[in-house]
Amino acid sequence: MQSLRKASGNKLTAMMQVRNERGRYLEASLAQLSDVVDEIVIVDDASTDGTPELCRAFPKVVRLVELRRPMFGEEWKLRSLLWETAVSTDPDWLLAIDADEFLERRTIRRLRELIDQDQYDWAALRMFDFWGSLTHYRDDLWWNLHRRHTMMLVRHLPGFHYAYPKWDHHVPRLPFTCSALPGLRSELRVKHWGWAGDTSDRLAKYNRYKELDPDGRWGNVDQYESILDPAPNLVRWVEEE
């Protein structure tokens with residue numbers, strides 16, 4: 001596969017799955033991505049709020065699949081469909097990102113450095129969970145994703161076996177088989193705003209997790225309960241220029 005690894009001029013395609021994201025962060029997310037990537041591919045999981053219409057307003061969205069029946073209860077199938085749709089556009093690299101995630105400015109400036117090389121085939125970044133506002137992220141026993149790395153970028157190598165674990169929930173955003181390829185753990189950062197809303201917003205997410213995964217088969221019950229912590233440890237975000 002060495003001959004397929006381009007060290008310059010790589011086409012970067014963002015891939016995103018969405019459901020009822022209108023009125024939250026989707027518009028800002030697509031605006032940022034439109035300035036960063038070459039193309040955007042989206043699978044809409046049977047939204048009922050006009051999310052697909054918002055997606056179509058952005059010219060960089062070159063492929064939009066609209067499901068009639070939601071597949072969130074079988075998330076591995078949803079992830080697989082998104083992957084298959086994205087690679088059908090012949091990307092060189094894929095950025096797996098959610099509608100409530102934003103690249104830090106320094107990450108945007110250095111993104112092309114991560115993909116325009118021929119030494120590694122994936123890159124993992126630091127993901128920060130903002131909590132209750134857009135100024136602070138959570139850092140405690142149950143919310144410390146930023147202390148690890150999240151694989152978000154992967155080179156597309158035709159002929160390589162890409163596969164997702166057959167889990168109903170908490171499926172990794174990229175095929176788990178990518179980890180067999182050489183990769184880079186970068187200190188560049190991503191802001192996750194999904195928990196930045198008010199108490200009622202977090203309570204709705206808590207109830208959804210408890211309904212979908214009451215026994216913690218796919219996640220962790222204690223982490224679910226920690227969503228309701230009235231005084232989590234928060235750290236002020238400082239943007240790295």
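Basis for what follows: all heavy atoms, side chains included, without hydrogens, waters or symmetry-related copies. All values reported here derive from a predicted model rather than from experimental measurement.
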Novice: Taking all non-hydrogen atoms of both residues, which atom of Trp122 and which atom of Leu181 are closest, and how far apart?
Specialist: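 So the two residues come closest at NE1-O, 2.8 Å.
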Novice: Is the side chain of Asp198 donor-acceptor paired with the backbone N or O of Ser200 at a distance under 3.5 Å, no angle test?
Specialist: yes
Novice: Where the side chain of Thr51 meets the backbone of Arg22, is there a donor-acceptor pair that is under 3.5 Å apart?
Specialist: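 Confirmed, Thr51 side chain pairs with Arg22 backbone.
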Novice: Hey, is Arg56 close enough to Glu66 for a salt bridge, meaning N to O under 4.0 Å?
Specialist: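 Result for this pair is yes, salt bridge flagged.
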Novice: Salt bridge (Lys or Arg N to Asp or Glu O under 4.0 Å) for Glu104 and Lys191? Distances and angles first, verdict last.
Specialist: CA-CA 7 Å; Glu104 187 177 25; Lys191 298 175 282 189; over 6 Å; no
Novice: Closest approach of Cys55 and Leu26, non-hydrogen atoms and distance?
Specialist: SG-CD2, 4.0 Å
Novice: Under 3.5 Å, side chain of Glu75 to main-chain N/O of His170, donor-acceptor pair present?
Specialist: yes
Novice: Which pair of non-hydrogen atoms, one from Pro91 and one from Thr13, has the smallest distance, and what is that distance?
Specialist: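 Distance-wise, the nearest heavy atoms are CB-OG1, 3.5 Å.
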Novice: Identify whether NZ of Lys or CZ of Arg in Arg189 sits under 6.0 Å from the centre of the six-membered ring of Phe128 and within 45° of that ring's axis.
Specialist: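 Cation-pi check for Arg189 and Phe128: passes.
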Novice: Quick one: does Arg105's side chain have a donor or acceptor within less than 3.5 Å of a partner on Glu240's backbone?
Specialist: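 Here the side-chain-to-backbone pair does not exist.
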Novice: So, do His192 and Phe102 have ring centers that fall under 6.0 Å from each other?
Specialist: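 Centroid separation for His192 and Phe102: 6.0 Å or greater.
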Novice: Can you tell me how far CG of Leu188 sits from CD1 of Ile108, rounded to the nearest 0.5 angstrom?
Specialist: 11.0 Å
Novice: Is there a donor-acceptor contact under 3.5 Å from the side chain of Thr89 to the main chain of Ala86?
Specialist: yes
Novice: Where is the tightest heavy-atom contact between Leu184 and Tyr120, given as atom of each residue plus distance?
Specialist: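 Here Leu184 and Tyr120 meet closest at CD2-OH, 3.3 Å.
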Novice: Output every pair passing side-chain hydrogen bond (donor to acceptor under 3.5 Å, both in side chains) with a member in residues 136-145, not counting sequence neighbours, ordered by first then second residue.
Specialist: Arg138-Asp140, Asp139-His146, Asp139-Arg147, Trp143-Ser226, Asn144-Arg148
Novice: When you check the gap from the basic side-chain N to the acidic O, do Glu211 and Arg208 get nearer than 4.0 Å?
Specialist: no
Novice: Which residues pass the salt bridge (charged side-chain N to carboxylate O under 4.0 Å, His left out) test with Asp121, sequence neighbours left out?
Specialist: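 Salt bridge (charged side-chain N to carboxylate O under 4.0 Å, His left out) list for Asp121, sorted by chain: Arg5, Arg155.
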Novice: For Arg173 and Ala96, work out which heavy atoms get closest and say how close.
Specialist: NH1-O, 3.0 Å
Novice: Mind listing the closest non-hydrogen atom pair of Met127 and Thr150 along with its distance?
Specialist: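 That would be CB-OG1, 3.9 Å.
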Novice: Would you check, one step at a time, whether the test salt bridge (Lys or Arg N to Asp or Glu O under 4.0 Å) holds for Arg24 with Asp201?
Specialist: CA-CA 11 Å; Arg24 300 188 76 244; Asp201 186 52; 3.6 Å; yes
Novice: Taking the six-membered ring of Trp93, is the NZ or CZ of Arg112 close enough (under 6.0 Å from the centre) and on axis enough (within 45°)?
Specialist: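 The answer is no, since Arg112 fails at least one limit relative to Trp93.
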Novice: So do the side chains of Val41 and Val65 get within less than 4.5 Å of each other, counting heavy atoms only?
Specialist: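 Sidechains of Val65 and Val41: no contact.
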Novice: With ring centroids as reference points, do Trp167 and Trp76 lie under 6.0 angstrom apart?
Specialist: no
Novice: Check whether Asn220 reaches the backbone of Gly216 with its side chain - one donor and one acceptor, N or O, closer than 3.5 Å.
Specialist: no
Novice: Does any N or O in the side chain of Ser29 come within less than 3.5 Å of the main-chain N or O of Tyr25, such that one atom is a donor and the other an acceptor?
Specialist: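 Not confirmed, Ser29 side chain does not pair with Tyr25 backbone.
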Novice: Between Asp45 and Phe72, is there a donor-acceptor pair closer than 3.5 Å when you use the side chain of the first and the backbone of the second?
Specialist: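 Checking the backbone N and O of Phe72 against the side chain of Asp45, a donor-acceptor pair under 3.5 Å is found.
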Novice: Determine yes or no for a side-chain-to-main-chain donor-acceptor pair under 3.5 angstrom, with Asp92 supplying the side chain and Lys11 the backbone.
Specialist: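 Here the side-chain-to-backbone pair exists.
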Novice: With a 4.5 Å limit on heavy-atom distance, are the side chains of His156 and Leu94 in contact?
Specialist: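 In short, these two side chains touch, coming nearer than 4.5 Å.
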Novice: Should Leu111 and Leu103 count as side-chain neighbours, where that means a heavy-atom distance under 4.5 Å?
Specialist: yes
Novice: Working note: Phe130 + Trp195, criterion ring-ring contact (aromatic ring centres under 6.0 Å, His included); need CA distance, chi angles, decisive distance, verdict.
Specialist: CA-CA 6 Å; Phe130 281 63; Trp195 298 99; over 10 Å; no
Novice: Less than 4.5 Å apart, any side-chain heavy atom of Leu125 and any of Leu114?
Specialist: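 They are in side-chain contact.
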Novice: Hey, is the main chain of Asp49 close enough, under 3.5 Å, to the side chain of Ser47 for a donor-acceptor pair?
Specialist: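 Absent.
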Novice: Check whether any side-chain heavy atom of Leu95 lies under 4.5 Å from a side-chain heavy atom of Val37, and answer yes or no.
Specialist: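 Of all side-chain heavy-atom pairs linking Val37 with Leu95, at least one is under 4.5 Å.
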Novice: Considering only Ile, Leu, Val, Met, Phe, Trp and Tyr, and joining two whenever side-chain heavy atoms are under 4.5 Å apart, list the other residues clustered with Val221.
Specialist: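 Result for Val221 is none, singleton.
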Novice: To the nearest 0.5 Å, how far apart are CG in Asp100 and CD in Glu21?
Specialist: 6.5 Å
Novice: Do Ser8 and Asn10 have side chains that approach each other closer than 4.5 Å (heavy atoms only, starting at C-beta)?
Specialist: no
